[in-house]
Amino acid sequence: MTIKDIFDTMDYGPAPESASEALQWIADRGGIAGHYIDGKWGALRDDFASNNPATGEKLAGVTKGTADEVAAAVKAARKAQPAWAKSGHQRARVLYAIARLLQKNSRLLAVMETLDNGKPIRESRDIDVPLAIRHFYHHAGFAQLMDDELPDSEALGVCGQIIPWNFPLLMLAWKIAPALAMGNTVVLKPAEYTSLTAMVFAEICTQAGVPPGVVNIVTGDGDTGAALVNADVDKIAFTGSTEVGRKIREATAGSGKALSLELGGKSPYIVFEDADIDSAVEGLVDAIWFNQGQVCCAGSRLLVQEGIADRFYAKLKSRMDGLRIGNPLDKCIDVGAIVDPVQLAQITAMVDANTEGETYQIAAPEGCFYPPTLITGLSSASTLMQEEIFGPVLAATTFRTPSEAVEIANNTRYGLAASVWSENINLALDIAPKLVSGIVWINGTNMMDAAAGFGGVRESGFGREGGWEGLAGYTKPKATAKPVKPATPFAAGDGASADPLDRTAKFYIGGKQARPDGGYAQPIFGAKGKLLGHVGIGNRKDIRNAVEACNAAKGWSKTTGHLRAQILYYIAENLSARADEFAARINSLTGGKSGVAEVDTAIQTLFTYAAWADKYDGQAHGVPIRGVALAMKEPVGNIGILCDDTPLSGLINAMAPAIAMGNRTVLIPSAAFPLAATDFYQVLETSDLPAGVVNIITGDHAELAPTLAAHMDLDAVWSFSSSDVSGAVERASAGNLKRTWVNNGLSIAPAAQDYLQAATEVKNIWIPYGE
Ligand code: NAI
């Protein structure tokens, strides 16, 4: 090609990055990726191949970690943990050293990532590696600040971390940096397709002075991952498919292991007719063609306002025509190779199975490449609008009004991210809170930063990575808890049946007292065997009715903190007016003398959360991209709560923070001492609390716990129960991947901050700000 030709065609000449250093690096290490355990290279076997997807050539052999090898890594991590947790400043120095060394090796890392994963070098060089570096710098700071800023928190211990292949180094950084910063040690398993940058990282750890055993890497596939899940770790942090996430939820249920899941998505990309269309079209290149669409938060569902749809699609198609697809090592390439032929086959099968709408594709080279694809005219219910394709395929539909846009956007089982494009700030900021997702980008897309938490709601998983909120996933309260002692209900004594007052307390559902669906009740006796009354025995249908009442009370979540505070104060006032009666009731239930003190505690608790209702503010994260990320604290939604055995406080401790933050609740009071909770209906009835915000059902915890946890319309379940239900709650929660907070059989006494955190979900809204 002559210079004249180039001027005539304006074509880009190839500008390939050299692969030789990276290939030499692999060759120098015997061409095998394997375990890094206790600061040393462990077993190195050629169990399976890691290929360059762009060429199909083998890059290295990979060792498939066995359960014994995983156990050895966990053992090394366990041994190293106490010393590592000692000094935040020392950890900060080490994390800083890692960041510096990543920076020095950034070219090698970028080329290695592109060879192994197939992503364009432009992306690995400008996004993956710099963001990984930023994560270590940022978390070096958190390590330094931990002692001062989180004095009541400590490390969890050993964290098992399982990452996917779409951002191998970046996901490693997201997992390792916060874990290490908070004093944990880790065993990380890279994805089977992409283990190589983790090998470079292991060498960097040695150079950075990471003490042996603090970072361990075990390579392998799903079996190795499953072995890590079952190993003696204190937490599993997983990023990957929703299907595997669900399996891990089930596998860790009842084990006491902490869990964070960052799963799939089907994120809407909403373009209003007053958007800057050229920017919105350009944004889509980053939303769905970035990393070949293999991005959990990819803007894979395009919603365009009807009036501009034709113009928008035309511009988009012409932009697609200009996308350059091919050799990922070429710096001019926009779209690289799909990670593996297996993934390519999956994308192809999904698109080929579609019979709806119109498909527009550009040409793609032979091999493991999939053409950027736009499918317009789909209905919101069609498979391609609902299922994660995890490829460069954009599914599109139109909408007429903002409310219809919100409805379509939220019509998904996922809730990871969303983009909103509009030049009208009122419209954009009106839509953002209505979207059910962990992240909203306004006039932008796929922006990520260490300072802003990343993570979703619904089946996109739970937990956040990055920011202050991400640290919570790697710490626990310092207080040690003792095993919970279940209260034994008192048995009937002499003359019990002679009690003339045979009152049966009903349930409290939707602001009304309701009879048990099953029609069964049980007697409750006092310490001396005197019959105190009867309570209903709740069943699945009662829970269903209570959840329906919660759904009908959605307006509560939109009320102001000020209003919620007023109502909590009013509840406290009404309780205070009947303090003697409640104190006597508590004493008769427990046979103790703590009634007066317990009522006083309950009133104080109501005051505490009335105080927090309008003060538990979000944050504005400074992100180094022209913008600010508003970390808004939103209610979780409907929360089912199994209370502890303190008759009144057990109910109030959990109810007050939950409703203060705008949640609706289904509460199951102490099974042994339920009558203070049922008396409490009258306080609620006179306190202006809207119907359905608090629903109370009495009954057996072991029976009701799995029903609560399996209910698809509950967003979270908490258990402080003295019955052994933690495992059952976690196991049954896998269905809709609801958030769980369980006591694991311990008598935990959470601090106000723990309750408030569990009662809220952080949504990061990125808005343009400044220059
Ligand atoms: P995957 O979820 O199977 O793999 C992710 C990681 O989990 C890998 O390290 C894998 O070895 C490990 N793993 C697999 N089975 C395991 C088990 N039973 N226990 C513990 N660890 C296990 O994802 P895969 O198969 O690579 O991709 C399949 C689909 O998952 C994709 O098409 C995409 O839809 C989705 N995906 C979503 C990602 C996200 O970031 N949300 C990332 C990767 C895949």
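Heavy atoms only: backbone and side chains are in, while hydrogens, waters and symmetry mates are out. FYI, the numbering just counts along the sequence from 1.
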**OP:** State plainly whether the residues Lys175 and Glu262 are in salt-bridge range, i.e. N to O under 4.0 Å.
**Re:** no

Can the ring centroids of Trp165 and Phe390 be said to lie less than 6.0 angstrom from one another? yes

Asn743 and Ser726: side-chain donor and acceptor closer than 3.5 Å?
yes

**Asked** Is there a side-chain contact between Tyr137 and Gln103 (heavy atoms, below 4.5 Å)?
**Response** yes

What one should report as the nearest heavy-atom pair of Pro168 and Thr197 is CB-OG1, 3.8 Å

Here the pair of heavy atoms bringing Arg246 nearest to Gly735 is NH2-O, 3.1 Å

Of all heavy-atom pairs linking Gln619 and Glu469, the shortest is OE1-OE1, 4.3 Å

Taking the side chain as every heavy atom from C-beta outward, state whether Arg249 and Leu259 have any pair of such atoms under 4.5 Å apart. yes

Would you say Asp449's side chain and Val623's backbone share a donor-acceptor pair under 3.5 angstrom?
-> no

Asp116 (side chain) donor-acceptor with Leu196 (main chain) under 3.5 angstrom:
yes

Walk me through whether Met146 and Arg91 qualify under side-chain contact (heavy atoms from CB on, under 4.5 Å).
CA-CA 10 Å; Met146 184 180 181; Arg91 295 199 300 278; 3.3 Å; yes

Counting distance only, does the side-chain N/O of Asn216 pair as donor-acceptor with the main-chain N or O of Val187 below 3.5 Å?
-> no

Do Met199 and Trp41 come within less than 4.5 Å of each other through their side chains, counting heavy atoms only?
-> yes

Nearest heavy-atom contact between Leu150 and Met182 is CD1-SD, 3.8 Å

Salt-bridge criterion met for Asp234 and Arg78 (N-O under 4.0 Å)
yes

Counting N and O atoms only, with roles assigned by atom type, does the side chain of Asp221 sit under 3.5 Å from a partner on the main chain of Asp223, one being a donor and the other an acceptor? yes

query = Do we see a donor-acceptor contact under 3.5 Å between the side chains of Glu459 and Thr242?
reply = no

### Message
Is it the case that the side chain of Thr63 and the backbone of Gly65 share a donor-acceptor pair, with hydrogens and angles ignored and the cut-off at 3.5 Å?
### Response
no

With a 6.0 Å cut-off on the ring centroids, do Trp174 and Phe167 count as close?
no

If you apply the rule side-chain contact (heavy atoms from CB on, under 4.5 Å), what do you find for Trp766 with Val440, and how did you get there?
CA-CA 6 Å; Trp766 293 61; Val440 178; over 6 Å; no

Note: Thr185 and Ala80 closest approach over all heavy atoms is CG2-C, 4.0 Å

Scanning both residues in full, the closest heavy-atom pair of Leu44 with Ala33 reads CD2-C, 4.1 Å

Q) Salt bridge between Glu388 and Arg413, side-chain N to carboxylate O under 4.0 Å? A) no

Do the side chains of Glu113 and Val129 get nearer than 4.5 Å, heavy atoms only?
no

Keeping the roles fixed (side chain from Lys119, backbone from Asn166), state whether a donor-acceptor pair exists under 3.5 Å. yes

task = Inspect the contact between Lys763 and Glu634 and indicate whether a charged nitrogen and a carboxylate oxygen are less than 4.0 angstrom apart.
result = yes

Check: Using a distance-only test with no angle check, is there a side-chain donor-acceptor pair under 3.5 angstrom linking Ser195 and Thr219?
Finding: no

Checklist entry - Is the NZ or CZ atom of Arg739 positioned over Trp741's six-membered ring, under 6.0 angstrom from the centre and within 45° of the axis? => result no

For Tyr36 and Thr206, which I'm curious about, is there any donor-acceptor pair between the side chains at under 3.5 Å? yes

Tyr474 ring centre to Lys235 NZ or CZ under 6.0 Å, with the angle to the axis within 45°? yes

query = Does atom CZ of Arg93 have more than 12 heavy-atom neighbours, drawn from other residues, nucleotides or ligands, at distances under 6.0 Å?
reply = no

Could you tell me whether a side-chain N or O of Ser50 sits under 3.5 Å from a main-chain N or O of Tyr193, the two making a donor and an acceptor? yes

